[in-house]
Amino acid sequence: MSMPTQQYVKTETVGRIGRIRLDRTARYNALNRTMVREIVEAMETFDRDDRVTVIVLTGNGKSFSAGADIEEMLEATPISMELLDPFADWDRISRIKKPIIAGVHGFVLGGGFELALACDLIYADPATQFGFPEVGLGVMPGAGGTQRLTKCIGRTRALEWLFTGDRMQADEAERLGIINRVTTDVEATVLAMAERLSNQPSMALRLIKDAANKAVDLSLQDGMEHERRNFYLLFATADQTEGMQAFLEKRPPIFNQQEQE
Ligand code: HXC
């Protein structure tokens with residue numbers, strides 16, 4: 001499956017893992033519109049690729065990302081943004097079906113933090129600094145920051161970070177449940193987790209992600225009905241037969257065999 005042209009990201013497939021590295025290191029991986037488009041297109045390409053089960057997103061150089069490109073934003077007007085609709089690309093990230101694991105280090109600020117929050121699992125280097133400095137620029141997060149942070153840690157706690165723009169250290173992000181874990185070797189941790197997930201049944205991963213995302217938006221009852229549909233659907237997969245048969249035969253299951261053929 002061929003990747004679209006890339007200027008600001010690097011991609012590769014390692015086994016069943018689709019890797020995306022941000023690559024605008026001279027600017028701390030500040031996200032201009034082209035770069036966001038490239039990230040999204042890389043994710044979508046991996047999402048469509050049957051050989052890929054899980055997507056890994058990491059920074060490069062000194063940081064994950066210092067946020068949206070301020071130079072590019074300086075010239076923006078309400079009308080130019082209405083016409084360009086820059087957030088349409090961001091919305092496409094929410095529609096990626098496969099698990100996305102973010103490995104972050106250095107600065108994870110503004111749009112960079114929003115990008116990490118749009119992923120499914122987040123592992124961070126101990127020296128990582130998270131934050132929403134937008135308020136200091138006279139604006140606010142626009143790619144889900146106020147929504148995802150609030151849903152994650154609650155309104156009162158989120159507002160303090162959003163009002164002040166203070167930097168949050170990695171251990172605090174872990175304590176608040178914003179990230180999964182602080183690790184001294186982010187690269188090894190994300191790849192080990194990706195490797196584990198790539199051996200899990202791919203359709204189950206997909207429908208688990210879908211159901212967990214619904215939990216954020218729906219009422220408990222609606223969410224549970226959605227969950228049930230996904231549960232039923234998995235009984236149409238070879239992995240369900242394999243997983244249950246393997247249990248009864250007291251052997252480890254081998255998933256995704258059909259896709260490997
Ligand atoms: C454009 C940026 C940038 C950014 C860094 N650079 N962040 N350019 N947009 N967000 C550039 C600098 O201008 C500089 O370019 C080079 O990267 C290195 O940065 P320095 O500031 O010289 O490095 P340092 O002193 O180490 O400070 C690092 C930093 C600081 C703490 C990350 O750069 C910083 O505060 N950046 C801005 C962070 C921010 O406010 N992010 C939120 C953006 S708003 P030159 O050419 O001088 O070498 C946002 C809104 C999202 O994200 C809305 C939805 C998309």
Side-chain angles (χ1 to χ4, degrees), residues 6-10 20-44 57-96 100 102-119 122 124-153 158-173 178-179 186 216:
Q6 294 163 346
Q7 190 181 349
Y8 300 116
V9 301
K10 286 198 169 93
I20 306 169
R21 283 193 192 83
L22 306 180
D23 193 31
R24 198 185 178 209
T25 51
R27 296 256 163 169
Y28 283 89
N29 293 322
L31 302 159
N32 59 27
R33 281 195 301 276
T34 307
M35 189 166 168
V36 173
R37 171 71 52 89
E38 288 180 5
I39 294 165
V40 170
E41 287 180 347
M43 286 179 177
E44 288 176 344
L57 176 67
T58 53
N60 213 351
K62 288 187 188 163
S63 268
F64 181 69
S65 171
D69 189 321
I70 298 169
E71 207 175 313
E72 190 182 70
M73 273 189 299
L74 177 67
E75 303 300 329
T77 68
I79 299 301
S80 72
M81 287 191 283
E82 169 62 25
L83 292 172
L84 281 168
D85 195 10
F87 295 116
D89 282 332
W90 287 85
D91 289 343
R92 289 159 67 187
I93 300 176
S94 314
R95 290 195 285 275
I96 300 295
I100 310 173
V104 303
H105 73 286
F107 294 110
V108 183
L109 302 177
F113 198 0
E114 290 174 307
L115 179 60
L117 288 172
C119 297
I122 310 175
D125 176 81
T128 311
Q129 297 189 46
F130 299 85
F132 283 118
E134 285 91 336
V135 68
L137 299 168
V139 291
M140 60 181 283
T146 61
Q147 304 304 297
R148 287 205 169 97
L149 189 67
T150 302
K151 283 180 194 279
C152 182
I153 66 174
L159 279 176
E160 190 173 73
W161 294 108
L162 292 159
F163 281 161
T164 60
D166 282 351
R167 303 239 184 97
M168 184 192 294
Q169 308 304 314
D171 56 351
E172 176 126 41
I178 296 169
I179 63 171
V186 174
V216 180

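For ligands, and for the atoms within them, numbers begin at 1 and follow the listed sequence.
Close approach of ligand 1 to G110 (heavy-atom distance below 4.0 Å) involves ligand atoms 52 (O). For ligand 1 and G111, the ligand atoms under 4.0 Å from any heavy atom of the residue are 49 (C), 51 (C), 52 (O).
Side chain of E114 to main chain of A143: a donor-acceptor pair is present (N/O by atom type, distance under 3.5 Å, no hydrogens or angles). Judged purely by atom type and a 3.5 angstrom limit, S80 has no side-chain atom pairing as donor or acceptor with the backbone of A76. For E38 (side chain) and Q6 (main-chain N/O), no donor-acceptor pair under 3.5 Å exists by modelled atom type. Remark: the backbone N or O of Y8 is not paired with any side-chain donor or acceptor of D23 at under 3.5 angstrom. Proximity of a side-chain donor or acceptor of S63 to a complementary backbone N or O of S65 within less than 3.5 Å is not detected.
Neither the backbone nor the side chain of Q129 comes within 4.0 Å of ligand 1, counting heavy atoms alone. By the criterion of a heavy-atom distance under 4.0 Å, the side chain of E134, and not its backbone, is placed next to ligand 1. Under 4.0 Å from ligand 1, not a single heavy atom of E72 appears. Proximity of L137 to ligand 1, defined as any heavy-atom pair under 4.0 Å, is confined to the side chain (atoms from C-beta onward). At a heavy-atom cutoff of 4.0 Å, ligand 1 is contacted by both the backbone and the side chain of A66. When heavy-atom distances to ligand 1 are checked against a 4.0 Å cut-off, E114 comes that close only through its side chain, counted from C-beta outward. Residue contacts with ligand 1 for S63 are absent, since no atom lies close enough (heavy atoms, distance under 4.0 Å). Within the 4.0 Å heavy-atom criterion, the part of P133 lying near ligand 1 is the side chain and not the backbone.
Closest to atom 37 (C) of ligand 1 among all protein heavy atoms lies I70 CD1, 3.8 Å. In terms of protein heavy-atom proximity, atom 10 (N) of ligand 1 is nearest to A68 O, 2.9 Å. The closest protein non-hydrogen atom to atom 26 (O) of ligand 1 is Y28 OH, 2.6 Å. Protein heavy atom in closest approach to atom 48 (O) of ligand 1: A26 O, 4.5 Å. Remark: minimum distance from atom 31 (C) of ligand 1 to any protein heavy atom is reached at R167 NH2, 3.4 Å. Scanning the protein for heavy atoms near atom 3 (C) of ligand 1, the closest one is A30 CB, 3.8 Å. Looking at atom 29 (C) of ligand 1, its nearest protein heavy atom turns out to be F107 CE1, 4.1 Å.
Proximity of atom 33 (O) of ligand 1 to the protein is not indicated, since no non-hydrogen protein atom lies closer than 4.0 angstrom. Protein heavy atoms come within 4.0 Å of atom 19 (O) of ligand 1. Within the 4.0 Å cut-off (strictly below), a protein heavy atom is located near atom 50 (C) of ligand 1. Shown here, atom 44 (S) of ligand 1 is in close reach of the protein: a heavy atom of it lies under 4.0 Å off. Closer than 4.0 Å to atom 14 (C) of ligand 1 lies none of the heavy atoms of the protein. Shown here, atom 22 (O) of ligand 1 is out of close reach of the protein: none of its heavy atoms lies under 4.0 Å off.
For ligand 1, none of its N or O atoms has an N or O atom of F87 under 3.5 Å away. Taking distance alone, with nitrogen or oxygen atoms compared against 3.5 Å, R27 approaches ligand 1 more closely than that limit.
The closest approach between any non-hydrogen atom of W90 and ligand 1 is below 4.0 Å. Close to ligand 1: M73, with a non-hydrogen atom less than 4.0 angstrom away.
Rounding to the nearest 0.5 Å gives a distance of 8.5 Å between CG of N29 and CZ of F64. Here the CD atom belonging to E41 is positioned 11.0 Å from the CD1 atom belonging to I20, to the nearest 0.5 angstrom. We find the CG-CD1 distance between D89 and I39 to be 10.0 Å, quoted to the nearest 0.5 Å. Note that CZ of R148 and CD1 of I178 are 13.5 Å apart. Values are rounded to the nearest 0.5 Å.
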Starting from the C-alpha separation in whole Å, work towards a yes-or-no answer on side-chain contact (heavy atoms from CB on, under 4.5 Å) for R92 and R37.
CA-CA 10 Å; R92 289 159 67 187; R37 171 71 52 89; 3.7 Å; yes
After noting the C-alpha distance and the side-chain angles of Q129 and Q169, does the key distance pass the side-chain contact (heavy atoms from CB on, under 4.5 Å) rule?
CA-CA 5 Å; Q129 297 189 46; Q169 308 304 314; 3.9 Å; yes
From CA spacing to verdict: side-chain contact (heavy atoms from CB on, under 4.5 Å), T128, V186
CA-CA 11 Å; T128 311; V186 174; 5.9 Å; no
Would F107 and R167 satisfy side-chain contact (heavy atoms from CB on, under 4.5 Å), going step by step from the backbone distance to the final call?
CA-CA 9 Å; F107 294 110; R167 303 239 184 97; 3.6 Å; yes
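Here the shortest heavy-atom pairing between D69 and A30 reads CA-CB, 4.2 Å.
With contacts defined as side-chain heavy-atom distances shorter than 4.5 Å, the pair K62/T25 does not qualify.
In this structure, F113 and F132 have parallel ring planes: the angle between them is below the 30° cut-off, well short of the 60° mark.
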